[in-house]
S.K.: 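Sharing a structure with you now.
Atom set for the values below is all heavy atoms of this structure, side chains included, hydrogens, waters and symmetry mates excluded. All values derive from a computational prediction rather than experimental measurement. All chains are named by letter (A, B, ...) in the order of the sequence lines, taking the proteins before the strands, and each is independently numbered beginning at 1.
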Amino acid sequence: MTTIWPELELLLAKVQKPARYIGLEDGSQRPHHDQRQVGWLLVYPDAYEIGLPNQGLQILYEILNERDDALAERAYAPWTDLESLLRARRLPLFSLDTHRPAAEFDVIAFNLSAELVYTNVLNCIDLAGVPVRSAERRPEHPLIGAGGHCTYNPEPLADFLDFVVLGDGEEVVSEITEVIRDWKAGGRTEGSRQHVLRALARIPGVYVPSLYEATYDGTALVAVEPTVSDAPALIDKRTVADLADWPYPRRQLVPLTEVVHDRLNVEVFRGCTRGCRFCQAGMITRPVRERPAEQVRHMVSEGIRRTGYDEVALTSLSSADFSGIEKVVAGTIADAPNGNAVTVSLPSLRVDAFTVGIAAEIQKARRTGLTFAPEAGTWRMRQVINKLIREEDLYAAVESAYSQGWRRMKLYFLTGLPTETDDDTLGIAELGRNCVEIGRRYHKGNASVTVSVGGFVPKPFTPFQWFGQNTVAELQRKIGLLRDDLGRGKGRPSANRGVQLKWHDPKATFVEGLMSRGDRRLGPVIEQVWREGGVFQEWSELFAHDLWVKAMADHGVSIDWYVYRHRTEGEVLPWDHLSAGLHKDFLWHDWRDALAEVGLPDCRWTPCYDCGACTGYGIEHIVASATPPAGGSQGTGQDLLGGGAVPVTLLGRKPEPVVAAS
Amino acid sequence: MNPANTRVRFRFAKLGKVRFTSHRDVARLWERAVRRAGLPVALTEGFNPRAKVHFGLALPTGYESWGEYVDIDFRAAELAAADIPTLPERLTPLLPEGITVDASVAIDPRSPSLQQAVTSCTWRIEAVGLSPSEATTAADRLLAAETVTVTRQRKGHDVTDDIRPYIHTLAVLGPLPGHRPAGTSLEAELGTQPRGLRPSELLGALAGDERRLVLTGDDLLRAVANDEPILEEGLVCRTHQWVDGQGARHEPLAAPPWATRAEQRAS
Ligand code: SF4
């Protein structure tokens, strides 16, 4: 069988949004399948409209298809309506590009961007006709791999994944291809699966869970150790030294139907050293590697011309930190072809870097939604999380935006943070009201803000990895406090009316927490939830909290122990045999500093405090500008609103407390 | 319409996998293609200016067509009359595979909109699961009837209609070709005014009592579970849209040779 299209098309006529399944995007490829090549099926285990824009998947899709010895196609999780029809008609998971059965590929590789997709991973493996447990797979089955941020703790999925990649995938996919190519050439004989897994384990950055054994003492984890000599005791992440070598995607996929982030995306830098203590992405992607401004400008103008998009997002974890961002934004707008307006959006915009200059540049084209993320409601709380944004910074940013014509914006906060008091929580409502009042000076009754509150989930390889997550009841109570305070007759009633409160379901936060710091003993829990129908758990209409609680109980696994318990200094963590480059003692000190409300500066412009991310690999930050961006009170204790050189001060292991300028 | 604009009518085909895009998707694809071609499209006024693009009768998602139409306004001063015939070959490469632009003509902006002008469409319909003899019996029964009353959904409401007047012609063409599932190929001309009759509704009327017409996923799951004989909609293709002119009907824009289209479809 090479394509299931004739059978599939009869089903597509009967499902919602069938354009999700047809491929044909501009930029998509229909590789010719040759037995000598290694066939990769790159799967985003969520709905097409969420998965299509994923840049990591698109980058690997291009890199693999450029190789003579590899080909790559894409797949996304079929929505439940199509899944039941596929199962009724005994049809498998298929690739989008040529509609081939998934099991005809040599590798099925999942992008793991969120913990709540884990049951979808199992569902996709099963729908491919492959045994869900790696121990039951035979030589004729594809290898099941995974990459993406969640792989920094892949232990809950250890039973199901053959191999896991830590860090940047650009280089390692080629090394993996070569190993699998040799396995294929050898005929994938009986017993050869073990050999290929051991060969994969020898590639730096590749973790093969089945070659490691976890030992326990009662409930406590004692160690996760290799059982064979080929497998290293510590698996290091992969880091590409210079983004300039990887100007991908060169041909970003342009979908035929609506997706999230439907715009051109150009990654301007990877890594972040702002040091926000809750932020796993910032910690695990260090050091900072900027793309040269010329390359950014070229990728933007070329991308706009090729795709016909009228919006480009300059993506990174904190885009306003990109050296000379205002010039790049202005250049992008000036380069627009045929005088058509091009909108620039800067996701993850820091409020202390949002100046009138940037606001004015952005609003020359169409205005897009603005989101700021102060993350916490009080200065004390922001010191704990090391997001050192002063209230004035926020108000200045908000004022810049309102004065340039925006009428509404979104503010993003976390609740359930370490040491959080009710005053900290209520500070969120207060900030929201203050922003509305600033807006009213420009737009009378039309100004409003959406305050979006998420429950905090402690993540591996962050200073908060030891923190016991807030219970569902506690998060619900805190959201209740905010609802109450923003309700009628409370606070400042008129300002309250301009604040729209939204929150993330604390029950989903609980499951995310369970997966984030879980260990191998959660495998059977995930499998049971999947078998009982719990798929698409990211989607509130399908989220099945009760299935999780029941599966935990059925397997005698304690929610308290896994989610709500504070970890101790000496405790073995399930990801201790993996490395994101960060020294564990650096993280521990930073955790103690957090509890002492001590901030830590940004090491791009202040001396290195040896977190380990650069030193261990002999790589460095690549930053074009020697001066910090505008704003940036971050950790330096100085008012840098105009930008300017940072006086160099040597910091010891324990940084000085940051004094609030306010 | 603004006298500074020229309205151009395009005829295009929508064939193959791309037929699963929605009417809205196709509108966005056209806007993007026109922008990529750098054509001087006229924009609407206001905060979020959009290209002035007017589509004809919506084609249901999943159906193919040999003859779709779209009218687009351009800034007249920047679009030379000689350029208009070159637009199909400029736009086709910028549209997804399966959408082919076949003709373009400047039209009088005062001419009636496509939705008002088109009075009937001809369809090729694959009735999967229905044998040619069953189909012939059912078609004869329908054509002989004075009235055919059905209840169907319109804008979320059940309405009861006599659909017989909408069936202008109905012919059984024969069995589906070998590479297709077993079934029958039909051709029907169906009226579009005032409420129109959809090919799926025609199939419903043809299905009779022996076979269950399966249109939704739930229908299919039920039929598979009960092992019932089913009738499914296979490929459905709008081959013509007709405007009733004085005496003779014609298409909004002349058709390219059918041979080309039929070849494309078979590939
Ligand atoms: S090793 Fe030093 S310079 Fe590199 S990210 Fe860590 S603290 Fe910053």
Side-chain angles (χ1 to χ4, degrees), chain A residues 3 5-28 30 79-90 96-99 254-259 262 304-310 336-343 365-368 405 407, chain B residues 16-22 24-26 28-41 43 46-51 60-64 78 93-99 126 128-129 179-181 183 200 214-225 230 232-236:
Chain A
T3 173
W5 180 257
E7 293 89 348
L8 183 65
E9 63 179 351
L10 285 176
L11 304 185
L12 292 189
K14 303 176 177 69
V15 301
Q16 295 170 39
K17 304 188 187 174
R20 286 165 166 170
Y21 309 108
I22 61 175
L24 297 183
E25 302 90 344
D26 189 9
S28 66
R30 256 163 296 169
W79 193 252
T80 51
D81 57 349
L82 181 60
E83 186 204 331
S84 27
L85 299 185
L86 289 171
R87 289 190 187 275
R89 285 296 195 212
R90 302 191 187 291
L96 234 64
D97 301 291
T98 65
H99 297 96
V254 186
L256 275 51
T257 187
E258 273 171 285
V259 301
D262 194 6
I304 293 283
R305 195 194 55 70
R306 201 201 108 238
T307 61
Y309 274 127
D310 55 5
N338 315 310
N340 289 335
V342 172
T343 309
R366 188 154 38 99
R367 278 173 209 132
T368 51
R407 284 158 196 272
Chain B
K17 293 178 178 177
V18 80
R19 73 181 191 275
F20 289 110
T21 53
S22 68
R24 236 177 95 146
D25 293 335
V26 172
R28 291 180 340 127
L29 292 168
W30 268 89
E31 281 189 45
R32 199 183 277 158
V34 167
R35 196 160 54 225
R36 280 173 69 187
L39 296 174
V41 61
L43 298 175
F47 197 57
N48 267 336
R50 309 242 43 115
T61 304
Y63 288 176
E64 294 190 321
E78 294 162 65
L94 302 177
L95 286 159
E97 183 182 310
I99 295 184
E126 288 186 355
V128 172
H179 65 278
R180 302 291 306 156
S200 56
V214 162
L215 289 176
T216 67
D218 287 342
D219 291 346
L220 182 64
L221 294 177
R222 217 173 302 123
V224 169
I230 60 171
E232 281 182 276
E233 224 179 11
L235 277 176
V236 176

S.K.: What's the separation between atom CG in A/Leu10 and atom CG in B/Leu235, rounded to the nearest 0.5 Å?
M.R.: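 With rounding to 0.5 Å, CG (A/Leu10) is 8.0 Å from CG (B/Leu235).
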S.K.: Under the criterion salt bridge (Lys or Arg N to Asp or Glu O under 4.0 Å), I'd like the reasoning laid out for B/Asp25 against A/Lys17: C-alpha separation, chi angles, the key distance, then a yes or no.
M.R.: CA-CA 11 Å; B/Asp25 293 335; A/Lys17 304 188 187 174; over 6 Å; no
S.K.: Under 4.5 Å from any heavy atom of chain A, what part of B/Thr61 do you find: side chain, backbone, both or neither?
M.R.: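 Contact with chain A: side chain only.
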S.K.: Report the distance from atom CG of A/Leu24 to atom CG of B/Leu95, rounding to the nearest 0.5 Å.
M.R.: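 A/Leu24 atom CG to B/Leu95 atom CG measures 12.0 Å (nearest 0.5 Å).
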S.K.: Report which part of A/Glu25 has an atom under 4.5 Å of a heavy atom belonging to chain B: side chain, backbone, both, or neither.
M.R.: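 Looking at A/Glu25, nothing touches chain B.
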S.K.: A/Glu9: what forms a salt bridge (charged side-chain N to carboxylate O under 4.0 Å, His left out) with it, not counting sequence neighbours?
M.R.: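 A/Glu9: salt bridge (charged side-chain N to carboxylate O under 4.0 Å, His left out) contacts with B/Arg19, B/Arg180.
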S.K.: Tell me, with the steps shown, if B/Lys17 and A/Tyr21 meet side chain to side chain contact (heavy atoms under 4.5 Å, CB included).
M.R.: CA-CA 9 Å; B/Lys17 293 178 178 177; A/Tyr21 309 108; over 6 Å; no
S.K.: Counting only non-hydrogen atoms closer than 4.5 Å, does A/Asp81 touch chain B with its backbone (N, CA, C, O), its side chain (CB onward), both, or neither?
M.R.: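 It is neither, since no heavy atom gets under 4.5 Å.
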S.K.: Please look at B/Pro181 and chain A and tell me whether the side chain, the backbone, both or neither of the residue comes under 4.5 angstrom of a heavy atom of that chain.
M.R.: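 Side chain only.
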S.K.: So, using salt bridge (charged side-chain N to carboxylate O under 4.0 Å, His left out) as the criterion, who are the partners of B/Glu232 when residues are at least two apart?
M.R.: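 Here the qualifying residues are A/Lys14, A/Arg89.
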S.K.: Under 4.5 Å heavy-atom distance to chain B, tell me which part of A/Leu82 shows up: side chain, backbone, both or neither.
M.R.: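 Neither the backbone nor the side chain of A/Leu82 comes within 4.5 Å of chain B.
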S.K.: Could you tell me whether A/Asp26 and B/Arg36 make a salt bridge, using a distance below 4.0 angstrom between a side-chain N and a carboxylate O?
M.R.: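 Here A/Asp26 pairs with B/Arg36 in a salt bridge, since their nearest N and O are under 4.0 Å apart.
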S.K.: For each of B/Asp218, B/Val34, B/Thr216, tally heavy-atom pairs with chain A at distances under 4.5 Å, and name the one with the top tally.
M.R.: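 Highest number of pairs under 4.5 Å: B/Thr216.
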S.K.: Under a 4.5 Å heavy-atom cut-off, does chain A meet the side chain of B/Val214, its backbone, both or neither?
M.R.: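 Contact with chain A is through both the backbone and side chain of B/Val214.
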S.K.: What's the separation between atom CG in B/Leu220 and atom CG in A/Leu85, rounded to the nearest 0.5 Å?
M.R.: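 Going from CG on B/Leu220 over to CG on A/Leu85, the span is 5.5 Å.
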S.K.: Enter the distance from A/Thr257:OG1 to B/Arg28:CZ here, rounded to the nearest 0.5 Å.
M.R.: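 Between A/Thr257 OG1 and B/Arg28 CZ, I get 6.5 Å after rounding to 0.5 Å.
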S.K.: Which answer fits B/Val224, side chain, backbone, both or neither, if we ask what part of it has an atom under 4.5 Å from a heavy atom of chain A?
M.R.: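 Side chain only.
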S.K.: Write down the atom of B/Phe20, the atom of A/Ala13, and the distance for their closest heavy-atom approach.
M.R.: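 Looking at all heavy atoms of both residues, the closest pair is CE2-N, 3.7 Å.
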S.K.: Testing the basics here: between B/Leu221 and A/Ala88, what is the closest heavy-atom pair and its distance to 0.1 Å?
M.R.: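 Reported closest heavy-atom pair: CD2-CB, 3.6 Å.
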S.K.: B/Arg32 side chain to A/Gly308 main-chain N or O, any donor-acceptor pair under 3.5 Å?
M.R.: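 A pair under 3.5 Å: no.
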S.K.: Side chain from CB out, backbone as N, CA, C, O: work out which of these in B/Leu215 comes under 4.5 Å of a heavy atom of chain A, or both, or neither.
M.R.: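 When you check distances to chain A, only backbone atoms of B/Leu215 fall under 4.5 Å.
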S.K.: Given a strict heavy-atom distance threshold of 4.5 Å, which part of B/Glu97 is in contact with chain A: side chain, backbone, both, or neither?
M.R.: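 Both backbone and side chain of B/Glu97 come within 4.5 Å of chain A.
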S.K.: Which one of B/Gly16, B/Gly62, B/Pro96, B/Ala225 has the most heavy-atom pairs closer than 4.5 Å to chain A?
M.R.: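 Of the candidates given, the most pairs with chain A belong to B/Pro96.
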